[in-house]
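Here the structure comes first, spelled out in structure tokens, and everything after it is commentary.
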Amino acid sequence: MEIYDVTIIGGGPAGLYAAFYSGLREMKVKIIEAQPYFGGKMQLYPDKVVWDVGGQPPTLACKLIDQIVRQGLTFNPTIALNEKITCIEKRDDLFIAHSQKEAHYSKAIILAIGGGIFSPQRLEIFENHLENVHYTLKPPSYYKGKNIIISGKGSSVFDWAIALAEVASTVTVIISEDKEKINAAVYQQLMDLSVCILEHTTISELEINNDQRITAIKCEDLKSKESRSISTDEVLINLGYNRDFTLLSNSQLPIQTVENSYVEGQPNGVTSVPGLFAIGDIIKHNAKINMITGAFQDAANTVNMVKQFVDPSARKTAMVSTHNSVFKERNKEIRRTLD
Ligand SMILES: Cc1cc2nc3c(=O)[nH]c(=O)nc-3n(C[C@H](O)[C@H](O)[C@H](O)COP(=O)(O)OP(=O)(O)OC[C@H]3O[C@@H](n4cnc5c(N)ncnc54)[C@H](O)[C@@H]3O)c2cc1C
């Protein structure tokens, strides 16, 4: 059995930055992510331009994910992707994080599970896998010149319609509510972009070809009961997301939670269980900022606490020295490009 200094559960911005910082503090690190890829919630908005990360020019979220992942892996932590941690237990001085695949042993744990494991809510009619049904937005260029149907609830449906209307051939939005519920400024934007909105309408049937692609959607006006068929190239569905927090309820540890969705803790990540720390969107305290920058700050504060937990004689904070052996070659490379 291999014992790590710290196991980080969750590979979103908080977990990845914690992996970087733990490496900087010379700890033996493992990072575990339930999805087959890193990025956390940022994977829900790959095409959004993110403006508010300190020192970072406005950047597409997908590019930012790439950068955060590369930084997170700087010190070569052990990685486990596609592995959902189902519960955590403590035996003597060791934590054991159990997944469906194996047990992970470490002296400390950082919970970076954000908003839980996200999975899109699906309509029964879309239960089978269909090639051209999407639950997250691909880059707008993918939709260039195509006929798009967007259906769902909440403001994201209209954000998607606005993002695609400039590149797509046609955009039709199908919503079950009345148009009046749409924010007036957003509605005006949709009209200016010639987006067709079918209000109080529901999808009743799909026309599917041999390649498992939807070619047309039949929908019904819930008030007039009239039906119509709309041909389409791509269908986007946004009904919100299911969030899996069962790790917290399954773990037989006195983890204090708020509304069963957050771990109650302190700004330095300390929780009700010594050695179990929490960072990013999963933690709740008065100074918490639920943003990428907040996730980074949490990670740095908390990793310093973890280091002292694992080795009480360690310095309180990291020395971010350019002489770190891992940085040496990269420093040379970067300096060369500046010459
Ligand atoms: C639509 C949208 C737009 C946003 N825009 C911005 C913005 O412009 N700027 C900004 O700063 N912030 C933005 N945010 C907020 C930002 O994305 C979050 O604050 C940030 O992602 C939180 O990071 P995190 O690592 O704490 O959690 P998350 O990003 O939620 O990552 C948690 C990870 O833990 C994994 N996980 C959960 N449970 C388990 C388990 N049991 N086992 C293994 N892995 C598990 C999940 O799969 C996930 O990958 C936005 C959020 C949304 C939803």
Side-chain angles (χ1 to χ4, degrees), residues 35 37 41-49 60-62 118-243:
Q35 306 283 5
Y37 40 76
K41 269 200 288 290
M42 292 183 74
Q43 295 286 1
L44 302 179
Y45 52 94
D47 204 54
K48 179 178 178 185
V49 179
L60 280 181
C62 56
F118 275 70
S119 57
Q121 287 183 21
R122 291 164 195 266
L123 285 176
E124 227 172 86
I125 198 164
F126 293 112
E127 231 170 33
N128 296 330
H129 174 77
L130 295 163
E131 291 294 331
N132 56 344
V133 176
H134 312 284
Y135 294 90
T136 52
L137 197 62
K138 290 180 184 289
S141 55
Y142 177 84
Y143 304 95
K144 199 171 170 197
K146 295 182 176 177
N147 297 308
I148 314 294
I149 290 178
I150 304 175
S151 182
K153 58 184 183 189
S155 57
S156 296
V157 167
F158 305 115
D159 290 345
W160 286 3
I162 290 167
L164 299 190
E166 276 172 14
V167 290
S169 174
T170 63
V171 176
T172 306
V173 173
I174 300 175
I175 49 171
S176 54
E177 311 95 57
D178 292 340
K179 280 180 191 169
E180 278 109 69
K181 297 248 169 87
I182 306 171
N183 169 289
V186 172
Y187 184 74
Q188 192 51 53
Q189 237 181 314
L190 292 163
M191 292 302 98
D192 292 346
L193 289 163
S194 305
V195 172
C196 168
I197 301 172
L198 301 180
E199 57 179 340
H200 41 76
T201 297
T202 181
I203 297 172
S204 53
E205 259 177 63
L206 310 177
E207 274 177 37
I208 300 168
N209 69 11
N210 290 339
D211 297 331
Q212 290 302 295
R213 293 181 67 84
I214 300 180
T215 51
I217 267 182
K218 198 167 164 192
C219 51
E220 186 183 307
D221 187 309
L222 294 165
K223 289 191 176 161
S224 68
K225 301 291 175 204
E226 275 172 24
S227 291
R228 63 197 284 184
S229 183
I230 310 162
S231 55
T232 185
D233 299 309
E234 307 287 339
V235 180
L236 283 148
I237 306 290
N238 192 328
L239 291 160
Y241 295 87
N242 296 314
R243 295 162 23 144

Between the side chain of Tyr187 and the main-chain N/O of Glu180, is any donor-acceptor distance below 3.5 Å? no
Check Asn183 against Ala185 and note the closest heavy-atom contact, atom names and distance. OD1-N, 2.9 Å
Which distance, rounded to the nearest 0.5 Å, do you find between the SG of Cys62 and the NZ of Lys48? 13.5 Å
Pairwise side-chain contact, Glu234 with Glu131, heavy-atom cut-off 4.5 Å (strictly under): no
Output for pair (Asn209 CG, Leu130 CG), nearest 0.5 Å, gives 9.5 Å
Nearest 0.5 angstrom please: Glu199 CD to Lys223 NZ, how far? 6.5 Å
Do you know which two heavy atoms are closest between Gln35 and Phe118, and how far apart they sit? NE2-O, 3.2 Å
Full working for side chain to side chain donor-acceptor pair (under 3.5 Å) between His129 and Gln212: CA-CA 8 Å; His129 174 77; Gln212 290 302 295; over 6 Å; no
Would you mind reporting whether Glu177 and Ile182 have side-chain heavy atoms less than 4.5 Å apart? no
So, the side chain of Ser176 versus the backbone of Thr202: is there a donor-acceptor pair under 3.5 Å, distance only? no
If I take atom CZ from residue Arg122 and atom CG from residue Asn242, how far apart are they, to the nearest 0.5 angstrom? 10.0 Å
Give me the atom names and distance for the closest heavy-atom approach of Asp178 to His200. OD1-CD2, 2.9 Å
At their closest point, which heavy atom of Ile125 faces which heavy atom of Leu206, and how far apart are they? O-CD1, 3.5 Å
When you measure from the side chain of Asn238 to the backbone of Gly240, do you find a donor-acceptor pair of N or O atoms at a distance under 3.5 Å? yes
Looking at Lys179, I'd like to know if its NZ atom is crowded, meaning that more than 12 non-hydrogen atoms belonging to other residues, nucleotides or ligands lie closer than 6.0 Å. yes
Of the non-hydrogen atoms in Tyr135 and Tyr241, which two are nearest, and what is the gap between them? O-OH, 3.3 Å
Would you say the side-chain atoms of Lys146 pair up with the backbone N or O of Tyr142, donor to acceptor, closer than 3.5 Å? yes
Extract all donor-acceptor atom pairs below 3.5 Å that involve side chains of residues 150-174 and protein atoms in other chains or at least two apart in sequence.
unit_1: Ser151; atom_1: OG; unit_2: Ile174; atom_2: O; d: 3.2
unit_1: Thr170; atom_1: OG1; unit_2: Asn147; atom_2: OD1; d: 2.8

Please round to the nearest 0.5 Å and tell me the distance separating atom OG of Ser141 and atom CG of Asp47. 8.0 Å
Taking every heavy atom of Thr232 against every heavy atom of Val235, the minimum-distance pair comes out as CG2-CG2, 3.8 Å
Hey, what do you get for OG1 (Thr215) to CD1 (Ile208), rounding to the nearest 0.5 Å? 8.0 Å
Please confirm whether the backbone N or O of Asp233 pairs with a side-chain atom of Asn132, one donor and one acceptor, at under 3.5 Å? yes
Glu207 vs Ser229 side-chain heavy atoms within contact, under 4.5 Å: yes
Non-hydrogen side-chain atoms of Ile237 and Pro120 separated by less than 4.5 Å: no
Side chains of Arg228 and Leu198: closer than 4.5 Å at any heavy-atom pair? yes
